[in-house]
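Report on the structure given below.
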Amino acid sequence: MAYSAWFQCVRGCEGHWSLYEVIYRCPTCGGLLEVIHDVDALRDRGPLAWMRLMDDRVGTTNWPYGSGVWGKKEWVVPDLDDDNLVSMFEGNSNLFWAHRLGLQIGIEDLWVKMCGNSHTGSFKDLGMTVLVSVVNQMMRSGTSPVKAVACASTGDTSAALAAYGAAAGIPTIVFLPRGKVSAAQLIQPIANGALVLALDTDFDGCMRIVQEVTEDNSIYLANSMNSLRIEGQKTVGIEIVQQFDWAVPDWIVMPVGNLGNISALGKGLLLLRDLGIISKLPRLVAAQAEKANPLYRSYRAGFQEKMAMQAETTLASAIQIGNPVSYEKAVKVLEQFDGIVEQASEHELANAAARADRTGMYCCPHTGVALAALFKLVERGVVRHNERVVVISTAHGLKFTSFKTGYHEDTLAEVEALDANPPVYLPADAKVVRQTIDRRLAQAA
Ligand SMILES: *Cc1c(COP(=O)(O)O)cnc(C)c1O
Ligand SMILES: [Zn+2]
């Protein structure tokens, strides 16, 4: 088995680099790198053999294949030493039939991929297990300059980096925009022992500083401009197809900010196609918050140019990004997948999340953005009633308690909380309690 993978420029410049080298951008043009696999070597197994191998590994405790990411190791980082791998058996998150919500919007075949049901509560675990594993191998080789790993974050990347770093015993440093991440997201890297730097700037400002600080290669940069993370995150699309017994849905909708995840989604699906496992591609929808919508603006202008902007404050704080690093990769993917970019206002995203919650979910605001985008596309007739739709839920709602509380207290800016359900405060009096219950049940009837 001589599977291999290496870094190459996304814009096609000359040059190959080892995945264990500290390099993030093409030295010729400054563009991002991507991990390229020797697909010809991977064709030594036919589609059926691959499908059987991957299916057999789901749910096993056999290291490292019980991870949804490392169960596809040959497609991720094939030559990584299993002993250096840092995994908490991330991935294999549930993909469930959102039947009741689907019926309400007229899409019976609506599914939600629960990427927030993961070790640190977001899909960022999928990419971080790969990045930290590669760094671990580099550091253990004894020849690498790397002493620590750092990232700028809107909250979830830092939680994932801190956890995987702690699992490996690797020092981590996280740069957060002060006051712009949730309390749960702030406490996660603190608990895992990271050096937590809360800077008086926004995410884009943190990104600039972390790039400067990591220039000398002693601190490894863990942001998604580092394409190792993309290799892990690309398993989400593969996993969705696998969960449908290797059938491709018609649509996949996801919230986007820095645009790494949508690039990853496309990359995984294209690999399945190149290996002959699937023959059609789903259409993709990238959903943005109106307050931070550079991709939406570019899309409306036919992707003629990147339209970086100053992101405004949005409830969807993990996608409050004005200058997305993976813009070029994402545009390429959206073009290949006949993609659409849609946006959601604060009012729309908060009410979409609440509406889904009423059907048993517990959506983070970013999932609210994706759902709101879907609702609009269904109303416009773009997504049709008989189509199979998957919405990617990117984080766990429990990380966003103040969003939920604010909604149900109807105190969120620019939001009219249509489904607010505040608690009822009553004296400890059985008669009053019973009357209140009866009134509520009569309303519901
Ligand atoms: C990181 C993140 C996103 C956006 O992913 P990008 O790769 O930055 O586009 C969406 N939702 C949540 C919850 C996230 O943490
Ligand atoms: Zn280049």
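Source: prediction; values computed, not measured. Each ligand, and each atom within it, is numbered from 1 in the order the structure gives. Starting from 1, each residue takes its place in the sequence as its number.
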For [X], look at atom [atom1] and say whether over 12 heavy atoms of other residues, nucleotides or ligands are found less than 6.0 Å away.
X      : atom1 : result
Arg178 : CZ    : no
Arg43  : CZ    : yes
Arg358 : CZ    : yes

Legend entry - Option with minimal heavy-atom separation from atom 8 (O) of ligand 1, where the choices are Ile262, Asn258, Leu295: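 Going through Ile262, Asn258, Leu295 one by one, Asn258 has the nearest heavy atom to atom 8 (O) of ligand 1.
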Legend entry - The one among Thr157, Thr394, Ile392 that brings a heavy atom closest to atom 11 (N) of ligand 1: Thr394
By number and element, which atoms of ligand 1 are closer than 4.0 Å to a non-hydrogen atom of [X]?
X      : answer
Lys124 : 1 (C), 2 (C), 3 (C), 14 (C), 15 (O)
Asp156 : 12 (C), 13 (C), 14 (C), 15 (O)
Gly260 : 6 (P), 7 (O), 9 (O)
Ile319 : 3 (C), 4 (C), 10 (C)
His366 : 11 (N), 13 (C)

Legend entry - Distance, nearest 0.5 Å, that separates CD1 of Ile277 from CE of Met54: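 Ile277 CD1 to Met54 CE: 7.0 Å, rounded to 0.5 Å.
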Inset, instruction - Locate the shortest heavy-atom distance separating Val69 from Val76; write the atom from each residue and the value. - result: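 Reported closest heavy-atom pair: O-CG2, 3.7 Å.
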Legend entry - Atom of Ala222, atom of Arg229 and distance for their closest heavy-atom approach: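 Answer, listing the atom of Ala222 first, then Arg229: O-NH1, 2.8 Å.
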Are any of the N or O atoms of [X] closer than 3.5 Å to those of ligand 1?
X      : result
Gln233 : no
Phe123 : no
Leu259 : yes

Legend entry - Closer than 2.8 Å to the Zn ion (ligand 2) - protein N, O or S atoms, ordered by chain and residue number: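 Checking every protein N, O and S atom gives Cys9 SG, Cys13 SG, Cys26 SG, Cys29 SG.
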Legend entry - Part of Met254 with heavy atoms under 4.0 Å of ligand 1, whether side chain, backbone, both or neither: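 For Met254, no heavy atom sits under 4.0 Å from ligand 1.
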Legend entry - Trp75 and its ring-ring contact (aromatic ring centres under 6.0 Å, His included) partner, picked from Tyr3, Trp70, Trp50: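 Answer to the ring-ring contact (aromatic ring centres under 6.0 Å, His included) test with Trp75 among Tyr3, Trp70, Trp50: Trp50.
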Inset, instruction - Test Tyr24 against every option in Phe7, Trp17, Tyr220 by the ring-ring contact (aromatic ring centres under 6.0 Å, His included) rule and name the one that passes. - result: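 The residue from Phe7, Trp17, Tyr220 that satisfies ring-ring contact (aromatic ring centres under 6.0 Å, His included) with Tyr24 turns out to be Tyr220.
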Would the distance check show the side chain of [X] and the main-chain N or O of [Y] forming a donor-acceptor pair, the cut-off being under 3.5 Å?
X      : Y      : answer
Arg388 : Asp109 : no
Lys267 : Val35  : yes
Lys234 : Leu271 : no

Inset, instruction - Write out the residue and atom name of the closest protein heavy atom to atom 7 (O) of ligand 1, then the distance separating them to 0.1 Å. - result: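 Nearest neighbour among protein heavy atoms for atom 7 (O) of ligand 1, to 0.1 Å: Asn261 N, 2.8 Å.
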Inset, instruction - Find out whether the Lys NZ or Arg CZ of Lys113 is both under 6.0 angstrom from the six-membered ring centre of Phe123 and within 45° of the ring's axis. - result: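 No, a cation-pi geometry is absent between Lys113 and Phe123.
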